[in-house]
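Note sheet for the following structure.
Order of the sequence lines sets the chain letters (A, B, ...), proteins ahead of strands, with each chain counted from 1.
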Amino acid sequence: MSRPPFPSGWSSIPLSLKNLTLANSLPVGQSFLWHRHAIASSTPGCPTEEFSRAVDNPPRVVCLRQSPSHLYYTGVYPNEHDALADLRRGITKDWVNDYFQLKAHPELEKMYDDWRARDPELFGKVEVNKRAVGVRVLRQDPWECLIAFITSTNNHIPRITSLLHRFSQSFSPPLVTLHNPDNDGETTYHLFPTPTALPTKLEALLRSMGFGYRASFIESSLQTLEEEFKEEIEAGLLRWRNQDVDTVREKLVALKGVGRKVADCVMLMCMDKPSLIPIDTHVAAIAARHPAFPSRLRNKPMSKQVYDETQQFLLDRWGPMGGWCQAVMFAADLPEPKPKVKVVKTKVNTSVTVKRKLEEVSPTLNLKRTRSATRLELKQTRTIVTDEVKMEE
DNA sequence: CATAGACCTGCTTAT
DNA sequence: TGCAACAGGTCTATT
């Protein structure tokens with residue numbers, strides 16, 4: 001099994017990076033199951049990396065690449081014959097348009113303009129740089145998204161990613177194996193497991209897989225959903241897209257492991273509720289930077305009331321697409337993706353290196369200052385410095 | 001109703 | 001090397 005030759009065997013859509021940037025939308029904490037590979041023999045002006053993952057209905061691997069002017073896509077099927085039907089019926093084309101909401105919200109740039117006008121104090125100060133450009137809220141599958149965000153609680157993005165890949169590999173059979181585009185090994189793709197594919201004694205298994213205390217949350221939520229939807233959990237959750245926020249929030253929060261924040265994430269990212277702004281530690285910190293942010297909410301532990309008031313404050317600034325604005329702010333605030341190097345600590349007496357580090361993390365914009373950057377800044381007088389040493393892997 | 005503690009775990013990070 | 005703190009929070013048991 002292999003990909004079609006690029007670009008001749010692929011399809012494409014004219015699309016600017018300002019309207020969608022894959023690298024700023026896929027690996028920034030809303031979806032966790034995309035594989036990301038560099039492309040080995042890349043010529044200037046052509047895509048340098050590929051994102052790919054297994055997608056259902058029908059089962060296949062969707063591969064995406066992007067140039068400054070086009071989004072390229074192809075579907076790789078277990079039976080190559082089916083790729084023709086995909087093209088004929090526009091299956092993956094439709095999927096791309098739906099997943100990235102290109103038809104529902106065709107002009108992301110106009111949204112940025114709107115947010116700048118609405119909120120000159122905070123969003124207006126964001127430099128739309130490499131990290132903040134083209135950030136879209138994805139329209140994800142609710143079942144997968146729900147499990148993902150139950151898993152996300154009190155966890156890092158790298159660990160969430162690792163756990164969910166493990167989850168898919170454990171409970172879903174291999175679908176397709178492809179050589180990686182960087183010519184470095186191969187990847188076996190698995191669909192996200194359907195609810196019916198999960199074993200009855202789930203909690204112990206999930207614990208052994210590293211889910212920790214979330215294991216019981218997932219088992220309990222699955223049981224609750226089975227009681228409501230029988231064997232049709234995925235379809236049942238999809239129908240929640242048509243209901244109003246308060247109704248759906250009530251149902252989501254009734255699930256174990258789903259609090260206000262996770263419920264808001266699920267509704268924003270798969271239930272067509274674009275105004276919802278999930279308030280997590282990052283977004284709370286971002287809100288606190290706003291000059292008009294009520295001082296009585298500053299440095300307060302998160303409570304239902306603080307949550308509500310913070311969310312309302314941001315909604316007032318960002319408007320009906322506030323959840324999308326939050327996604328931009330969140331992505332811009334994320335620490336730089338970790339390079340594949342081993343960091344060796346050595347004692348060196350210089351503050352110059354520390355300053356260079358700071359500039360790498362936060363070149364121009366103090367809005368996108370990260371925790372670690374802030375920590376570094378506070379400790380500038382220290383003499384610990386890092387040397388980077390390449391490590392093959 | 002609001003608010004402390006406890007809670008699994010690690011391609012964590014810091015001390 | 002060892003130990004603590006932290007991570008896109010939530011649950012539970014108390015005031």
| request: Using the C1' atom on both, measure dG10(B) against dC11(C) and round to a whole Å. | output: 22 Å

| query | Of the nucleotides dC11(C), dG8(C), dC7(B), which one has an atom closest to the side chain of Tyr213(A)? | reply | dC7(B)

| query | Given that Val258(A) and Asn155(A) both sit by DNA chain C, which one's nearest nucleotide is further toward the 5' end? | reply | Asn155(A)

| query | From dT3(B), dG8(C), dC11(B), pick the nucleotide closest to the side chain of Ser303(A)? | reply | dT3(B)

| Roughly, in whole Å, what's the span from CE in Met302(A) to P in dC1(B)? | 20 Å

| task | Sticking with atom P, work out how far dC7(B) lies from dA5(C), rounded to a whole angstrom. | result | 15 Å

| Paired nucleotide for dC8(B) [Watson-Crick or G-U wobble; both distances under 3.5 Å] | none

| task | Would you please confirm or rule out a distance under 4.0 Å between OP1 or OP2 of dT10(C) and any side-chain N or O of Arg260(A)? | result | no

| Closer than 4.0 Å, any side-chain N/O of His156(A) to the OP1 or OP2 of dA7(C)? | no

| query | Reckon Gly29(A) touches a base, only the sugar-phosphate, or nothing at all at heavy-atom distances under 4.0 Å? | reply | base

| query | Under 4.0 Å between a side-chain N or O of Thr153(A) and OP1 or OP2 of dG8(C)? | reply | no

| query | Do the ring centers of His35(A) and Tyr189(A) come within less than 6.0 Å of each other? | reply | yes

| task | May I ask you to say what Gly259(A) touches in the nucleic acid, namely base, sugar-phosphate or nothing, with a heavy-atom cut-off under 4.0 Å? | result | sugar-phosphate

| query | How far does the P atom of dT9(B) sit from the matching atom of dT1(C), given to the nearest Å? | reply | 22 Å

| message | Under a 3.5 Å threshold, yes or no: a donor from one side chain and an acceptor from the other, between Thr247(A) and Asp244(A)? | response | yes

| remark: Taken to the nearest whole Å, CG/Leu163(A) to C1'/dT12(B) is 13 Å

| task | Name the nucleic acid region contacted by Arg214(A), choosing base, sugar-phosphate or nothing; use a 4.0 angstrom heavy-atom cut-off, strictly under. | result | base

| message | Distance check, P atoms only: dG9(C) and dC1(B), in whole angstrom units. | response | 25 Å

| request: Starting from P on dC8(B), measure out to CD1 on Ile150(A) and report it in whole angstrom. | output: 16 Å

| task | Could you please name the option among dG9(C), dG8(C), dC8(B) that lies closest to any side-chain atom of His282(A)? | result | dG8(C)

| note | The answer to which of Asn154(A) and Ile157(A) contacts DNA chain B further toward the 5' end, by nearest nucleotide, is Asn154(A)

| Quantified in whole Å, what is the C1' atom distance between nucleotide dG2(C) and nucleotide dT12(B)? | 15 Å

| request: Using only heavy-atom distances, determine whether the side chains of Gln223(A) and Glu219(A) contain a donor-acceptor pair under 3.5 Å. | output: no

| task | Could you verify whether a donor N or O on one side chain and an acceptor N or O on the other, from Arg60(A) and Thr92(A), lie under 3.5 Å apart? | result | yes

| field | Exercise: do Arg136(A) and Asn19(A) side chains pair donor with acceptor under 3.5 Å | value | yes

| Expressed in whole Å, how much space separates the P atoms belonging to dC6(C) and dA6(B)? | 15 Å

| field | Interatomic distance at C1', dT10(C) relative to dC11(B), whole Å | value | 26 Å

| remark: From CD of Gln305(A) across to P of dC1(B) the rounded distance in Å is 13 Å

| remark: Against the side chain of Arg159(A), the closest entry in dG9(C), dC8(B), dC11(C) is dC8(B)

| request: Classify the nucleic acid contact of Val306(A) as base, sugar-phosphate or nothing, counting any heavy atom under 4.0 Å across all strands shown. | output: nothing

| task | Please work out if Phe149(A) contacts a base, only the sugar-phosphate, or nothing of the nucleic acid, heavy-atom cut-off 4.0 Å. | result | nothing

| query | What is the distance, rounded to the nearest whole Å, between atom CG of Leu164(A) and atom P of dA7(C)? | reply | 20 Å

| said: In this structure, how many angstroms lie between the C1' atom of dA7(C) and the NZ atom of Lys261(A), rounded? | reply: 11 Å

| task | Select from Leu255(A) and Gln30(A) the residue whose nearest nucleotide in DNA chain C is closer to the 5' end of that strand. | result | Gln30(A)

| Rounded distance (Å) that lies between atom C1' of dA6(B) and atom CZ of Phe217(A) | 11 Å

| field | Side-chain-base donor-acceptor pair under 3.5 Å for Tyr307(A) and dG9(C) | value | no

| query | Just by modelled atom types, is the Gln30(A) backbone N or O under 3.5 Å from a matching donor or acceptor in the Gln140(A) side chain? | reply | yes

| said: Please tell me whether His37(A) and Asp184(A) have a donor and an acceptor in their side chains that are separated by less than 3.5 angstrom. | reply: no

| query | Taking atom C1' of dC8(B) as reference, at what distance in whole Å does atom CZ of Arg166(A) sit? | reply | 12 Å

